[in-house]
**Student:** 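Okay, here's the structure, questions in a sec.
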Amino acid sequence: MNPHPIGVFDSGLGGLSVVRHLRQLLPNEDLVYFGDTARIPYGTKSRPTVVQFALETAGFLLRFDPKLIVAACNTASALTLDVLARELPVPVIGVVEPGARAAVRLAAGQPVAVIGTEATIASGAYVKAIRALAPAQPVIAQACPLFVPLVEEGRDGDDEIVRLTVETYLGPLRSQGVRVIVLGCTHYPLLRGAIAACLGPEVQIVDSGRETSLAVQRHLSQHDGLSPQQSPGTMQSYVSDNPARFRQVGSRFLNETIEHVELVEPEQYVGRPRVPH
Ligand code: DGL
């Protein structure tokens with residue numbers, strides 16, 4: 001048993017779509033979340049910048065003495081998990097490997113599509129993780145850069161602009177025999193209905209946030225790391241900008257009201273040395 005909190009970080013509020021599953025699966029765990037709202041998006045930035053930001057953002061969580069850190073951001077997971085695992089003194093679980101594993105299981109050799117930010121797709125991390133599990137697995141990777149701003153603006157699947165954008169990016173997948181699609185970005189679960197409507201019922205959807213939460217549950221069970229407390233776990237949130245917006249928009253991702261959000265000043269999280277790569 002381990003009473004320490006689980007730390008979760010993201011480039012902004014999107015990681016709350018992962019926290020939502022963590023709260024459901026592990027209701028007695030205390031969570032500390034840091035969203036780097038001052039520097040979102042990570043998905044259009046280069047690897048050295050994302051490495052620096054991820055080290056600083058995850059590094060901030062260390063002051064809460066977490067038993068584990070979840071890199072809820074797909075872009076940070078795809079570009080920096082190796083560095084985080086090397087540099088941080090606690091285990092780090094990213095979203096790419098759990099999503100890839102579920103996709104391979106469901107696809108049974110049929111084509112898989114992976115969608116994400118420009119940086120996630122350019123990194124090739126999902127394709128690499130899928131092929132490490134199933135070398136002959138057909139994979140199509142597609143960046144969908146307009147999805148994040150659409151979701152941040154509060155548009156959902158009933159919106160005509162969303163429907164057209166989803167059709168533009170994903171319509172061509174229909175003729176390619178795709179049977180599984182991985183939502184490789186924190187924001188995409190909010191467009192799940194529009195994505196399902198575009199691809200049809202024969203395409204199964206993998207939410208990498210949910211798969212990651214299952215991986216966290218497995219890890220804690222296997223390492224005697226579950227919280228001993230019987231009461232509901234707490235949730236503390238920290239952001240690097242605009243707590244009011246985080247509270248308002250974030251509750252759509254979390255599906256519950258966000259009570260406690262604190263602004264973190266830059267000197268509390270920046271300044272970790274840049275790691276050579
Ligand atoms: N959290 C990011 C991800 O999952 C999306 C937003 C961003 O570009 O920072 O890739």
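Excluded from the calculations below are hydrogen atoms, water molecules and symmetry mates; all remaining heavy atoms, backbone and side chain alike, are included. Counting starts at 1 for both ligands and their atoms, in listed order.
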**Student:** Which of the listed options, Thr120, Thr186, Thr44, holds the heavy atom that is closest to atom 4 (O) of ligand 1?
**Tutor:** Thr186

**Student:** Gly12 near ligand 1, heavy-atom distance under 4.0 Å?
**Tutor:** no

**Student:** Just checking, is any N or O donor in the side chain of Thr120 or Asn74 under 3.5 Å from an acceptor N or O on the other one?
**Tutor:** no

**Student:** For ligand 1, which atoms have a heavy atom of Asp10 less than 4.0 angstrom away?
**Tutor:** 1 (N)

**Student:** Over 60° means perpendicular and under 30° means parallel, so tell me whether Phe34 and Tyr269 are parallel, tilted or perpendicular.
**Tutor:** perpendicular

**Student:** Between Phe60 and Phe64, how do the two ring planes meet: parallel, tilted or perpendicular, split at 30° and 60°?
**Tutor:** perpendicular

**Student:** Should the pair Tyr188 and Phe147 be assigned to parallel (<30°), tilted (30 to 60°) or perpendicular (>60°) ring geometry?
**Tutor:** perpendicular

**Student:** What I want to check is whether the side chains of Asp30 and His4 have a donor and an acceptor closer together than 3.5 Å.
**Tutor:** no

**Student:** Can you list the ligand 1 atoms lying under 4.0 Å from a non-hydrogen atom of Ile40?
**Tutor:** 9 (O)

**Student:** Counting heavy atoms only, name the option from Ala76, Ser11, Ala78, Ser208 that's nearest to atom 9 (O) of ligand 1.
**Tutor:** Ser11

**Student:** Is it true that Arg101 and Glu97 have a side-chain N and a carboxylate O under 4.0 angstrom from each other?
**Tutor:** yes

**Student:** Please list, in number order, the atoms of ligand 1 under 4.0 Å from a heavy atom of Gly43.
**Tutor:** 7 (C), 8 (O), 9 (O)

**Student:** Is it the side chain, the backbone, both or neither of Thr75 that has a heavy atom closer than 4.0 Å to ligand 1?
**Tutor:** both

